[in-house]
2 protein chains.
Amino acid sequence: MTQRPKVTIKDVARAAGCGVATASRVLNASGPASPDVRERVQNAARELGFSFSSRGRALQSSRSMTIGCLVPSLANPVFAEAVQGAQEALAGTGYQLLISSSNYEADADSDAISTLVEKEVDGLIVTMVAPARSSALGLARERGIPVSLMFHDPIDGLPTAHVDNFVAAREVARRFAELGHWQTAFLALRFASSDRSRNRYAGFHAECRARGLPDPTLIELSEAEANTPELLAGILGSLNGVTAIFASNDFLAIGVQSAARLMGRCVPRDLSVVGFDGIEIGRLLEVPLTTIETTPEAMGRQAAQSLLDLMQGEAPVQHPPLPFTFRAGATLARPGAENRDDDQVAPWPPSVPSLKTDLKQG
Amino acid sequence: MTQRPKVTIKDVARAAGCGVATASRVLNASGPASPDVRERVQNAARELGFSFSSRGRALQSSRSMTIGCLVPSLANPVFAEAVQGAQEALAGTGYQLLISSSNYEADADSDAISTLVEKEVDGLIVTMVAPARSSALGLARERGIPVSLMFHDPIDGLPTAHVDNFVAAREVARRFAELGHWQTAFLALRFASSDRSRNRYAGFHAECRARGLPDPTLIELSEAEANTPELLAGILGSLNGVTAIFASNDFLAIGVQSAARLMGRCVPRDLSVVGFDGIEIGRLLEVPLTTIETTPEAMGRQAAQSLLDLMQGEAPVQHPPLPFTFRAGATLARPGAENRDDDQVAPWPPSVPSLKTDLKQG
DNA sequence: ACGCTCAATGGAAACGTTTCCACGCTCTTC
DNA sequence: GAAGAGCGTGGAAACGTTTCCATTGAGCGT
């Protein structure tokens with residue numbers, strides 16, 4: 001409780017009977033010093049309980065040893081794990097993570113970037129709504145702050161740690177098709193603000209097309225719909241003829257399972273469901289979730305490592321996408337024969353044809 | 001990309017043809033200034049793209065506008081949500097969160113605290129292995145750094161945002177007893193390093209005693225056992241006569257469900273399970289999890305608010321525990337009649353009697 | 001013995017800000 | 001008309017470090 005005034009390097013120097021320059025050299029092992037004075041300085045520092053002020057250091061060295069990290073929300077375990085991964089990669093390097101979250105709002109994440117830049121972080125690890133269009137991010141880059149992305153597709157000079165959503169989604173379409181599913185749907189939560197979700201839809205859509213399947217129905221859910229099985233059941237009920245659903249994340253997929261149960265439809269006999277992300281819990285369900293398994297922690301680690309490289313002055317290098325695996329689970333099966341009969345909705349209209357411009361080029 | 005040199009307040013002052021003091025006053029609206037010079041300074045600042053250096057500011061004001069936050073791991077959604085809550089409470093105050101995680105290791109969290117203190121954070125929000133015994137935390141307090149805790153029980157002068165684990169666990173015992181359960185077990189994951197888990201066991205144990213039930217069997221799982229349904233099933237198989245299990249968190253409880261399924265035992269008919277935390281996913285399971293629902297986000301928010309108050313110089317005030325609710329779910333029922341018969345294990349020995357010293361005083 | 005080299009050392013500037021203080025000016029007031 | 005009040009202003013110190021540079025003294029070769 002004794003609010004003793006902060007002990008500075010001057011105090012140490014005085015106690016050791018030498019100049020501050022010498023004290024600094026000794027404590028940093030950054031220059032010559034006689035054994036004698038070295039000893040005195042170290043003793044003094046120990047006795048006074050000296051520790052460097054990173055404020056003074058930051059000012060003088062113009063490095064804050066701090067990295068800004070922006071994600072949509074830590075309440076989403078995918079991002080939380082990524083941050084954890086970044087954090088682990090940074091442990092031992094002396095860098096600390098300054099975090100910020102945007103709640104999936106484009107304005108908020110611009111503000112957040114600006115704030116982090118004003119805090120003079122030495123680098124940025126970012127997942128945001130629209131990194132390519134963010135002027136705040138552009139400003140940061142102009143100021144020479146190294147930036148690495150997570151979860152996004154590569155953008156010009158910005159290394160990104162990502163999984164290939166487009167390709168992964170095509171894999172899902174392939175599995176659906178091979179089992180004989182015909183009419184499918186894609187469930188999205190924040191389609192407008194998530195390029196991940198859009199890329200997944202794009203890949204899914206592309207592969208369906210390529211195989212001559214009708215375009216998948218795109219369904220954008222509100223938060224309320226996603227979290228309320230009853231509402232979700234209502235929506236699923238309106239999908240006549242759809243035998244397989246690709247949910248843009250595992251939570252949604254699990255929600256679909258429970259909604260289906262509510263409707264008295266059996267997964268996977270009456271309805272197949274595939275998720276995305278591969279969260280742990282999906283494996284433990286009574287009917288384990290079929291999903292694309294990704295490694296958010298590895299993504300965070302890679303993003304942090306790329307950033308470290310960048311900060312070392314290396315040229316930006318884009319790593320290949322991180323691997324994903326198709327986790328078989330038990331929510332995917334051939335469509336039940338009875339569903340084929342009431343298949344009267346003939347030419348399924350493409351749901352979001354204008355989306356093409358945003359699509360990833362495979 | 002133009003690595004233009006940082007523009008400082010001196011540049012602004014020069015451009016506006018005034019002294020730095022005046023420029024500072026104008027830009028901070030912290031003192032008098034004529035409309036004329038105010039105008040000139042603001043224009044200059046805008047044109048030069050000036051923004052304050054928080055380094056210089058921090059050094060001068062001896063406030064870093066940064067708060068250190070230590071949690072065991074962001075991969076645990078309970079902590080991630082708490083951090084998110086803290087973050088939200090801090091949004092708009094100008095404070096940023098510097099995060100660190102210890103991976104549930106006592107040494108790591110001492111190191112982390114030291115690092116955060118050296119970074120000269122203005123305050124600390126902490127969940128650690130043993131806050132009462134941590135010398136690093138003591139050091140931080142000696143230096144006059146305000147500290148608030150999350151998830152822990154109150155300790156002398158430290159405000160903590162918490163839920164009353166002891167009382168909540170007694171509630172679980174009460175429910176078990178009322179339904180006629182006799183032999184119960186408590187499943188813990190990191191018993192040694194989690195006072196939360198110990199308090200839950202203590203409350204559970206105390207209420208069982210108070211009702212004349214045999215002491216619950218305490219089972220400490222390894223990470224591997226917790227995450228592998230097969231191993232978990234083996235352990236459950238050895239629990240003769242136990243009809244109800246209280247798991248120290250929801251993940252464990254869900255694991256028990258799937259292990260039980262593996263063993264051909266039906267939840268809740270053959271085995272009742274109750275979890276703790278109230279994670280969202282538990283609600284969406286085919287058999288919704290019965291659990292104690294807590295509000296980690298609110299905990300984070302409260303911890304942040306307490307810290308803000310502390311930093312304003314207010315005396316530490318301990319808020320009452322945050323509310324929890326018993327979420328009914330569907331994994332708890334009367335014990336099946338058949339289990340009562342093979343009830344031959346007579347006097348159940350108290351499993352961890354020496355634990356008493358750690359118990360919370362109700 | 002003298003000058004040279006080189007290691008050890010400390011003073012002082014610099015980093016970018018805020019704030020104290022003193023100075024000068026204008027406007028009021030007796 | 002002079003004194004005082006009060007506002008606007010800028011110089012300079014301070015925050016804690018690192019680093020440049022000059023100074024000192026010892027050791028060494030001739």
Side-chain angles (χ1 to χ4, degrees), chain A residues 3-42 44-45 48-66 94 117-122 143-144, chain B residues 3-42 44-45 48-66 94 117-122 143-144:
Chain A
Q3 266 281 37
R4 58 178 168 202
K6 185 107 178 84
V7 22
T8 79
I9 202 170
K10 278 184 194 165
D11 302 320
V12 174
R14 189 163 347 106
C18 68
V20 286
T22 306
S24 172
R25 273 189 297 261
V26 169
L27 294 170
N28 290 299
S30 63
S34 65
D36 173 36
V37 72
R38 190 187 310 273
E39 174 87 8
R40 293 206 314 273
V41 168
Q42 271 158 353
L48 270 57
F50 170 77
S51 80
F52 283 110
S53 155
S54 45
R55 292 197 235 278
R57 254 187 182 169
L59 179 55
Q60 137 72 29
S61 68
S62 67
R63 295 176 58 202
S64 63
M65 295 308 281
T66 279
V117 168
E118 273 167 32
K119 283 270 177 193
E120 291 168 293
V121 294
D122 294 336
R143 295 226 181 157
Chain B
Q3 267 280 36
R4 58 178 167 200
K6 185 109 178 82
V7 21
T8 78
I9 201 171
K10 279 183 195 168
D11 302 320
V12 174
R14 189 164 348 106
C18 68
V20 287
T22 306
S24 171
R25 272 189 299 259
V26 169
L27 295 170
N28 290 299
S30 64
S34 64
D36 172 38
V37 72
R38 188 186 312 274
E39 174 86 8
R40 292 206 315 271
V41 168
Q42 271 158 353
L48 271 56
F50 169 79
S51 81
F52 283 109
S53 156
S54 47
R55 293 198 235 279
R57 250 184 185 174
L59 179 57
Q60 136 72 27
S61 68
S62 66
R63 295 176 58 202
S64 62
M65 296 309 280
T66 279
V117 169
E118 274 167 32
K119 283 271 177 189
E120 292 167 294
V121 294
D122 294 337
R143 295 224 180 159

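Each chain gets a letter, A, B and so on, in the order the sequences are listed, and its residues count up from 1. Just so it is clear, the structure is predicted and the values come from calculations on it, not from any experiment. The figures that follow rest on heavy atoms only: side chains count, while hydrogens, waters and symmetry mates do not.
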Practice task
Could you go through the side-chain contact (heavy atoms from CB on, under 4.5 Å) check for Ile9(A) and Ser24(A) one step at a time?
Solution key: CA-CA 7 Å; Ile9(A) 202 170; Ser24(A) 172; 3.7 Å; yes

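- Rounding to whole angstrom units, CD1 of residue Ile9(A) and P of dA12(C) are separated by 17 Å.
- The main-chain N or O of Ala33(A) is found under 3.5 Å from a side-chain atom of Arg38(A) such that the two form a donor-acceptor pair.
- Between the Ser30(A) side chain and the Asn28(A) main chain, no donor and acceptor come within less than 3.5 Å of each other.
- Set against dA12(D), dG8(D), dG16(D), the side chain of Pro32(B) has dG8(D) as its closest nucleotide.
- Remark on DNA chain C: of its neighbouring residues Ala23(A) and Ala21(B), the 5'-side contact belongs to Ala23(A), judged by nearest-heavy-atom nucleotide.
- Phosphate proximity of dT9(D) to Arg25(B): absent, as no side-chain N or O sits under 4.0 Å from OP1 or OP2.
- Straight-line distance from the NZ atom of Lys119(B) to the C1' atom of dT17(D): 14 Å, rounded to whole Å.
- Distances shorter than 4.0 Å separate none of the side-chain N or O atoms of Ser54(A) from OP1 or OP2 on dT17(D).
- Atom CZ of Arg57(A) and atom C1' of dA14(C) are 17 Å apart (whole Å).
- Looking at the side chain of Ser53(A), the nearest of the listed nucleotides dT9(D), dG16(D), dT9(C) is dG16(D).
- Taking only side-chain atoms of Phe52(B), from C-beta outward, the nucleotide of dT19(D), dT9(D), dT18(C) with the closest atom is dT18(C).
- Rounded to a whole Å, the NZ atom of Lys6(B) is 20 Å from the P atom of dA14(C).
- Residue whose closest nucleotide on DNA chain C sits further toward the 5' end, between Thr8(B) and Cys18(A): Cys18(A).
- Side-chain N or O atoms of Ser54(B) include none that pairs as donor or acceptor with a backbone N or O of Arg57(B) at under 3.5 Å.
- Contact annotation for Gly19(A): backbone-only contact, meaning every heavy-atom pair under 4.0 Å involves sugar-phosphate atoms and none involves a base.
- Heavy atoms of Arg55(B) sit nowhere under 4.0 angstrom from any nucleic acid atom.
- Across the protein-nucleic acid pair, Lys10(A) atom NZ and dT17(D) atom C1' stand 10 Å apart, rounded to whole Å.
- Considering only side-chain N and O atoms, Ser24(A) lies nowhere under 4.0 angstrom from the phosphate OP1 or OP2 of dT19(D).
- Looking only at distances, no side-chain donor or acceptor of Ser51(B) sits under 3.5 Å from a matching main-chain atom of Glu118(A).
- In this entry the distance linking CE of Met65(A) with P of dC15(C) reads 21 Å, nearest Å.
- The distance between atom CZ of Arg38(A) and atom C1' of dA8(C), rounded to the nearest whole Å, is 11 Å.
- If Asp36(B) and Leu59(B) are placed on DNA chain D by their nearest nucleotide, the residue sitting closer to the 5' end is Asp36(B).
- For dT18(C), the OP1/OP2 oxygens have no side-chain nitrogen or oxygen of Ser61(B) closer than 4.0 Å.
- Note: CZ (Arg40(B)) to P (dG8(D)) measures 14 Å, nearest angstrom.
- Nearest nucleotide to the side chain of Ser34(B), out of dT17(D), dT18(C), dG8(D): dG8(D).
- Proximity of Thr22(B) to the phosphate of dG10(D): a side-chain N or O atom is located under 4.0 Å from OP1 or OP2.
- The closest side-chain heavy-atom distance from Lys6(A) to Arg143(B) is below 4.5 Å.
- Note on Ala33(B): only backbone sugar-phosphate atoms sit closer than 4.0 angstrom, heavy atoms only; bases stay farther off.
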